[in-house]
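Quick note: numbers below take in every heavy atom, side chains included, and nothing from hydrogens, waters or symmetry partners. The sequence lines fix the lettering, A, B, ..., with proteins before strands; numbering per chain opens at 1.
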2 protein chains.
Amino acid sequence: MILDAIDKKLLDLLQKDSKRTNKELSNKLNLSVTAVYERIKKLEKEGVISKYVTLVKKEKVEKTFVAFCHIKLVQHTQDYVIKFEKEVANLVEVLECYHISGDYDYLLKVIVKDMDAFREFMVNKLTSINHIGSTHSMFVINEVKHTTAINI
Amino acid sequence: MILDAIDKKLLDLLQKDSKRTNKELSNKLNLSVTAVYERIKKLEKEGVISKYVTLVKKEKVEKTFVAFCHIKLVQHTQDYVIKFEKEVANLVEVLECYHISGDYDYLLKVIVKDMDAFREFMVNKLTSINHIGSTHSMFVINEVKHTTAINI
DNA sequence: ATCATAATTGAAAATTTTTCTGTTTGTATT
DNA sequence: AATACAAACAGAAAAATTTTCAATTATGAT
């Protein structure tokens, strides 16, 4: 699907605030309400828009401790990799998991209540997954920037 | 603000899909539409809900190259830190920036079109910020998990 | 028990989304 | 240039949802 300038502007607005009404959007884009409506429907149908979510402030729900964990596997057989990825994806403390290049195999973003909860997580959940070789954790001191909006 | 079990369930549902109607939610929560409405408004007012956003599939907008960049500053004077953080926050390629513990000072999540765009970004944008000592980049081979929903 | 406060409900009003019909616009073809 | 076709657009009506309102029920403190 080819995105024209209006689609891009529209996506930009929606990425920043999905609660804007079609009327608001139609004003900003100099279009009719229906035109906006149909463009959005098309973007949804084509999968450009994947979902609409509510963002929760972690400070308000006692999940202020954020850590990034590097993980190395002992082996890289298909079996081990598949199993590891499935188990990690099931951990609610892991919001993100990436297979990456470099010294380690994976990078995880973990969010828990505090250092104590993190220790608990490491001991009882993460390192109890088999085939993990080594880990290296980095703690977030301050979140300088965090957006979900891609520049289109 | 104290969150009861209903609030938590509600936040869980909204984090996964903010387009659910109050009627749908009222069914799942065994409440009236207005009760759901009032609870949501309160969560917004108290700042538990920070915003509603649209998520765009990066593959559909030609931003499939994701990298994590470690950055070390040459000095850590207040001035340098403030300036660096401000400049980094202004870069549209940088979706996330964290001040972290460990060997490096910062961890950045960068999203661009391809390796060429990444090189361009490194040379012309990132490393042109003053006071950067060294960088170390890791490239995302595969995104195993990526959610915005915190387990509450 | 009584009071005050907060949460909940159902109905009405206001707003928004969605559908529908017809028009315009752009593009390709002759 | 004229024609045909499809895609995008516009305005109005219908459907659905959000928001307001008044009244009721629960909750906690005195």
Side-chain angles (χ1 to χ4, degrees), chain A residues 1-63 113 147-152, chain B residues 1-63 113 147-152:
Chain A
M1 178 184 182
I2 298 155
L3 302 174
D4 66 13
I6 298 174
D7 287 322
K8 291 177 183 178
K9 185 92 185 288
L10 179 55
L11 286 172
D12 186 58
L13 292 166
L14 288 176
Q15 281 190 105
K16 283 164 187 160
D17 179 6
S18 62
K19 278 280 155 75
R20 291 181 195 280
T21 65
N22 292 339
K23 189 155 64 171
E24 273 184 87
L25 294 168
S26 70
N27 285 334
K28 287 188 192 290
L29 299 172
N30 284 101
L31 276 179
S32 69
V33 170
T34 307
V36 169
Y37 175 82
E38 289 182 344
R39 277 177 182 262
I40 293 174
K41 285 299 154 199
K42 186 169 180 190
L43 291 167
E44 290 171 356
K45 193 158 64 87
E46 299 277 344
V48 178
I49 290 176
S50 62
K51 63 197 304 202
Y52 299 95
V53 301
T54 302
L55 299 184
V56 167
K57 187 154 279 170
K58 60 187 189 310
E59 290 79 8
K60 300 281 184 172
V61 293
E62 298 209 296
K63 302 283 180 178
K113 181 174 184 231
T147 179
T148 53
I150 301 170
N151 183 252
I152 303 171
Chain B
M1 178 183 182
I2 298 156
L3 303 174
D4 65 14
I6 298 175
D7 287 322
K8 290 177 183 178
K9 185 93 184 287
L10 178 56
L11 286 172
D12 185 58
L13 292 166
L14 288 175
Q15 281 190 106
K16 282 164 187 161
D17 179 7
S18 63
K19 278 281 155 76
R20 291 181 196 281
T21 64
N22 292 340
K23 188 154 65 171
E24 273 184 87
L25 295 168
S26 71
N27 286 333
K28 288 188 192 291
L29 300 172
N30 284 100
L31 276 179
S32 70
V33 171
T34 307
V36 169
Y37 175 82
E38 299 283 0
R39 276 176 183 263
I40 293 174
K41 284 300 154 198
K42 187 169 180 190
L43 290 167
E44 290 171 356
K45 193 157 64 83
E46 299 279 344
V48 178
I49 290 175
S50 63
K51 63 196 305 202
Y52 298 95
V53 301
T54 302
L55 300 184
V56 166
K57 187 154 278 169
K58 60 187 189 312
E59 291 78 9
K60 299 279 184 174
V61 293
E62 297 209 299
K63 301 283 179 178
K113 182 174 183 230
T147 179
T148 52
I150 301 170
N151 182 251
I152 303 169

Using whole Å, report how far [atom1] of [X] lies from [atom2] of [N].
{"X": "Ile40(B)", "N": "dT8(C)", "atom1": "CD1", "atom2": "P", "value": "12 Å"}
{"X": "Asp4(A)", "N": "dA8(D)", "atom1": "CG", "atom2": "P", "value": "9 Å"}
{"X": "Leu31(A)", "N": "dC9(D)", "atom1": "CG", "atom2": "P", "value": "5 Å"}
{"X": "Arg39(A)", "N": "dA10(D)", "atom1": "CZ", "atom2": "C1'", "value": "14 Å"}
{"X": "Glu38(A)", "N": "dT16(C)", "atom1": "CD", "atom2": "P", "value": "19 Å"}
{"X": "Leu3(B)", "N": "dA7(C)", "atom1": "CG", "atom2": "P", "value": "12 Å"}
{"X": "Lys41(B)", "N": "dA7(C)", "atom1": "NZ", "atom2": "C1'", "value": "17 Å"}
{"X": "Asn30(A)", "N": "dT24(C)", "atom1": "CG", "atom2": "C1'", "value": "17 Å"}

Subject >> Check ion pair Lys41(B)-Glu44(B) (N to O, under 4.0 angstrom) >> reply: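 The answer is yes: the pair qualifies as a salt bridge.
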Within this structure, what is the [atom1]-[atom2] distance for the pair [X] and [Y], rounded to the nearest 0.5 Å?
{"X": "Gln15(B)", "Y": "Leu55(A)", "atom1": "CD", "atom2": "CG", "value": "8.0 Å"}
{"X": "Leu43(A)", "Y": "Glu38(A)", "atom1": "CG", "atom2": "CD", "value": "12.0 Å"}
{"X": "Lys16(A)", "Y": "Lys51(B)", "atom1": "NZ", "atom2": "NZ", "value": "9.0 Å"}

Subject >> Position toward the 5' end of DNA chain C (nearest nucleotide), Val33(A) or Ser32(B) >> reply: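 So the residue in question is Ser32(B).
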Original post:
Checking side chain to side chain contact (heavy atoms under 4.5 Å, CB included) against Leu11(A), which of Ile152(A), Ile6(A), Ile40(A) comes through?
Top reply: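 For Leu11(A), the side chain to side chain contact (heavy atoms under 4.5 Å, CB included) check succeeds only for Ile152(A).
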Subject >> Member of Leu31(A), Leu3(A), Leu29(A) meeting the side chain to side chain contact (heavy atoms under 4.5 Å, CB included) criterion with Leu10(A) >> reply: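 Going through Leu31(A), Leu3(A), Leu29(A) one by one, the side chain to side chain contact (heavy atoms under 4.5 Å, CB included) with Leu10(A) is satisfied by Leu29(A) alone.
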Original post:
Which of these, Arg39(A), Lys42(A), Lys9(A), sits in a salt bridge (charged side-chain N to carboxylate O under 4.0 Å, His left out) with Asp4(A)?
Top reply: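 Only one option passes, and that is Arg39(A).
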Original post:
Would Asp12(A) and Lys8(A) satisfy salt bridge (Lys or Arg N to Asp or Glu O under 4.0 Å), going step by step from the backbone distance to the final call?
Top reply: CA-CA 6 Å; Asp12(A) 186 58; Lys8(A) 291 177 183 178; over 6 Å; no
Original post:
Does dA10(D) have OP1 or OP2 sitting under 4.0 Å from an N or O in the side chain of Tyr37(A)?
Top reply: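 Checking Tyr37(A) against dA10(D): no side-chain N or O falls below 4.0 Å of OP1 or OP2.
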**OP:** Ignoring backbone atoms, establish whether Lys42(A) has a side-chain N or O less than 4.0 Å from OP1 or OP2 of dA8(D).
**Re:**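 Yes, because at least one side-chain N or O of Lys42(A) sits under 4.0 Å from OP1 or OP2 of dA8(D).
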Subject >> Helix axis bend for the helix from dA1(C)-dT30(D) to dT30(C)-dA1(D) - C1'-based end axes, five pairs, 10° rounding >> reply: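 One end axis against the other gives 40°.
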Original post:
Do any of residues 16-25 of chain B sit with a heavy atom less than 4.0 Å from DNA chain D, and if so which?
Top reply: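 Correct list: Thr21(B), Asn22(B), Lys23(B).
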Subject >> Polar side-chain atom of Lys63(A) near backbone of Ile150(B) as donor-acceptor pair, under 3.5 Å >> reply: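 Between the backbone of Ile150(B) and the side chain of Lys63(A) there is no qualifying donor-acceptor contact (under 3.5 Å).
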Subject >> Candidate nucleotides dT19(C), dT9(C), dC9(D), ranked by approach to the side chain of Thr34(A) - the nearest >> reply: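 Closest nucleotide among those given: dT19(C).
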**OP:** Quick one: label Ala35(A) by what it contacts on the DNA or RNA (base, sugar-phosphate, nothing), any heavy atom closer than 4.0 Å.
**Re:**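 Counting heavy atoms under 4.0 Å across all strands, the contact made by Ala35(A) is with sugar-phosphate only.
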